[in-house]
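Notes to accompany the following structure.
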Amino acid sequence: MCPRIVDKESLASRELELLAAALSIIENRGVAGLNMDRLVAQVPYSKGTVYSHFSSKEDLLTSLCIQGMEILAGLFRKAANYSGSTRERGLGIHLAYLLYALLYPNRFLLVISAMSPTLFERTSEQRKQAFQEVETALFGAVVEIVDDAITAGDFKLPDHMTKQQVAFSNWSMGFGTIALLAGEFNDCECRRGLNLEHEMFNNVNLLLDGMGWKPLSNSQSHAVALQRIAEEAFSDEMSQLAERGIRLDFTRPPVPVGATGDLFG
């Protein structure tokens with residue numbers, strides 16, 4: 001009896017189904033609760049079929065990270081293509097990251113797992129290559145804005161830094177701010193009363209001002225610009241947040257985190 005041949009479209013569809021099931025496990029049990037046996041138990045496929053898609057738990061987690069990074073790369077592209085100044089487009093990158101974290105909190109936190117050397121070592125070569133390609137696309141959108149800022153005279157690359165370092169400093173600041181103001185930290189005294197979107201862009205403006213990226217910040221003008229970018233470049237994502245009861249407003253005084261509910265709940 002000849003084995004059944006599955007076409008590429010069916011294989012891709014099945015892989016998406018497996019990734020959705022894996023993400024559901026993470027949402028209910030956390031990353032530590034995900035393993036291949038649990039995934040097999042949750043889907044209508046044999047263990048051999050599941051392993052034909054993912055060689056290990058690590059390979060599966062890397063696949064989930066890639067899927068999330070592809071979503072984020074699309075949001076970064078919206079910011080890079082925005083028709084504002086280079087400073088506004090830089091703000092747009094951070095807004096894209098914030099929207100991603102709020103819309104996909106479990107995917108946002110998966111990046112911690114993705115950076116683990118052990119995980120990457122146990123990932124298939126095919127998946128490693130895909131990860132590196134999407135990472136290049138992410139950083140490429142940021143570097144593109146940096147290049148345009150240098151050309152426009154809005155920004156001078158510091159002698160001691162490369163464009164990659166500028167991109168990394170923006171990423172690490174954005175990730176750290178969002179992670180530290182996630183709902184689980186709301187009861188920590190040193191963070192009490194801090195508002196996620198306002199602190200995010202306070203930090204962004206401190207970083208970009210420190211780099212001398214023009215125009216230097218004026219809190220009100222940048223708040224108005226952010227509101228405009230959100231409405232013009234990210235209207236779909238803002239609508240999705242509104243449907244979840246989350247409203248970002250950069251032009252009004254901040255509301256303390258927790259006053260309107262857990263943004264990551």
Original post:
Is atom NZ of Lys163 surrounded by more than 12 heavy atoms (other residues, nucleotides or ligands) closer than 6.0 Å?
Top reply: no
Original post:
Does the pair Tyr100 and Tyr104 meet the rule for a ring pair (Phe, Tyr, Trp, His ring centres under 6.0 Å), with working shown?
Top reply: CA-CA 6 Å; Tyr100 174 74; Tyr104 310 99; 5.5 Å; yes
Subject >> Under 3.5 Å donor-acceptor, Arg38 side chain and Gly33 backbone >> reply: yes
**OP:** Indicate yes or no for a side-chain donor-acceptor contact from Ser13 to the backbone of Glu9 under 3.5 Å, with no hydrogens or angles considered.
**Re:** no
Original post:
Is Leu138 reachable from Ile71 through a run of hydrophobic residues whose side-chain heavy atoms are each under 4.5 Å from the next?
Top reply: yes
**OP:** Kindly compute the distance separating CG (Leu196) from CD1 (Ile178), expressed to the nearest 0.5 Å.
**Re:** 6.5 Å
Original post:
Is the backbone N or O of Ala96 less than 3.5 Å from a side-chain atom of Lys78, with the two atoms forming a donor-acceptor pair by type?
Top reply: no
Subject >> Straight-line distance of Glu135 CD to Cys65 SG, nearest 0.5 Å >> reply: 11.0 Å
**OP:** Would you mind reporting whether His94 and Met173 have side-chain heavy atoms less than 4.5 Å apart?
**Re:** yes
Subject >> Common cluster, Val40/Leu64, ILVMFWY with side-chain heavy-atom separation under 4.5 Å >> reply: yes
**OP:** Determine whether Val142 and Phe139 make a side-chain contact, defined as any pair of heavy atoms from C-beta on separated by less than 4.5 Å.
**Re:** no
Subject >> Enclosure of Gln164 CD (heavy-atom neighbours >12, cutoff 6.0 Å) >> reply: no
Original post:
In terms of side-chain heavy atoms, does Glu125 have a donor or acceptor partner in Gln129 at a distance below 3.5 Å?
Top reply: no
Subject >> Verdict with supporting geometry, Asp148 and Arg89, side-chain contact (heavy atoms from CB on, under 4.5 Å) >> reply: CA-CA 10 Å; Asp148 290 346; Arg89 290 162 65 201; 3.0 Å; yes
Subject >> Whether Ser24 side chain and Ala20 backbone form a donor-acceptor pair below 3.5 Å >> reply: no
**OP:** Check whether any side-chain heavy atom of Asn195 lies under 4.5 Å from a side-chain heavy atom of Met200, and answer yes or no.
**Re:** no
**OP:** List for me each residue that meets side chain to side chain contact (heavy atoms under 4.5 Å, CB included) alongside Ala80, sequence neighbours excluded, and say none if there are none.
**Re:** Arg77, Ala141, Glu144, Ile145
Original post:
So, do Leu16 and Gln67 sit near enough that their side-chain heavy atoms are less than 4.5 Å apart?
Top reply: yes
Subject >> side-chain contact (heavy atoms from CB on, under 4.5 Å) between Asp59 and His53, worked out >> reply: CA-CA 9 Å; Asp59 198 47; His53 285 271; over 6 Å; no
**OP:** Measure the acute angle between the ring planes of His198 and Phe250, then classify it against the limits of 30° and 60° as parallel, tilted or perpendicular.
**Re:** tilted
Original post:
Do Tyr45 and Glu17 have side chains that get closer than 4.5 Å, going by heavy atoms?
Top reply: yes
Original post:
Under 3.5 Å, is there a donor-acceptor pair linking the side chains of Tyr82 and Glu88?
Top reply: no
Original post:
From Asp249 CG over to Glu197 CD, what is the distance, rounded to the nearest 0.5 angstrom?
Top reply: 8.0 Å
Original post:
So, for Val31 and Lys57, which heavy atoms are closest and what is the spacing to 0.1 Å?
Top reply: O-NZ, 3.5 Å
Original post:
Any idea which heavy atoms bring Lys128 and Phe120 closest together, and the distance?
Top reply: CE-O, 2.7 Å
**OP:** State plainly whether one hydrophobic cluster holds both Leu23 and Leu60, where clusters connect Ile, Leu, Val, Met, Phe, Trp and Tyr through side-chain heavy atoms under 4.5 angstrom apart.
**Re:** yes
Original post:
Side chains of Leu103 and Phe108: does their closest heavy-atom pair fall under 4.5 Å?
Top reply: no
**OP:** Name the orientation class of the two ring planes belonging to Phe168 and Trp171 (parallel below 30°, tilted from 30 to 60°, perpendicular beyond 60°).
**Re:** perpendicular
Subject >> CZ on Phe131 to CE on Met69, rounded to 0.5 Å >> reply: 4.0 Å
Subject >> Cluster link Ile150 to Leu91, ILVMFWY, side chain under 4.5 Å >> reply: yes
Original post:
Can Lys47 and Asp37 be said to form a side-chain contact (heavy atoms from CB on, under 4.5 Å), step by step?
Top reply: CA-CA 8 Å; Lys47 180 177 285 191; Asp37 286 339; 3.1 Å; yes
Original post:
According to a 4.5 Å side-chain heavy-atom criterion applied to Ile, Leu, Val, Met, Phe, Trp and Tyr, with indirect links allowed, do Ile93 and Met161 form part of one hydrophobic cluster?
Top reply: yes
**OP:** Return yes if some donor-acceptor pair links the side-chain N/O of Ser52 with the main-chain N/O of Thr49 below 3.5 Å, else return no.
**Re:** yes
Subject >> Inter-residue atom distance Leu34.CG - Ile25.CD1, 0.5 Å rounding >> reply: 5.5 Å
**OP:** State, to 0.1 Å, how close Leu248 and Met238 come at their nearest heavy-atom pair, and which atoms those are.
**Re:** O-CE, 3.8 Å
**OP:** Could you tell me whether a side-chain N or O of Ser169 sits under 3.5 Å from a main-chain N or O of Val166, the two making a donor and an acceptor?
**Re:** yes
Original post:
For the side chain of Arg107 and the backbone of Leu72, is there at least one donor-acceptor N/O pair under 3.5 Å apart?
Top reply: no
Original post:
So does Arg87 pair up with Asp209, basic N to acidic O under 4.0 Å?
Top reply: yes
**OP:** Specify the closest pair of heavy atoms between Leu39 and Leu18, including all atoms of both residues, with the distance to one decimal.
**Re:** CD1-O, 3.6 Å
Original post:
Can you name the closest pair of heavy atoms from Leu75 and Glu237 and give their distance?
Top reply: CD2-OE2, 3.4 Å
Original post:
Hey, which of Asn205, Asp154, Thr86 is the one that makes side chain to side chain donor-acceptor pair (under 3.5 Å) with Trp213?
Top reply: Thr86
Original post:
Do Leu19 and Phe54 have side-chain heavy atoms sitting under 4.5 Å apart?
Top reply: yes
**OP:** Rounded to the nearest 0.5 Å, what's the gap from OG1 on Thr177 to CG on Asn203? Could you check?
**Re:** 4.0 Å
Subject >> Check: Thr62 main-chain N/O paired with Thr123 side-chain donor or acceptor under 3.5 Å >> reply: no
Original post:
If every non-hydrogen atom of Ala79 is compared with every non-hydrogen atom of Gly92, which pair is closest and at what distance?
Top reply: CB-C, 3.4 Å
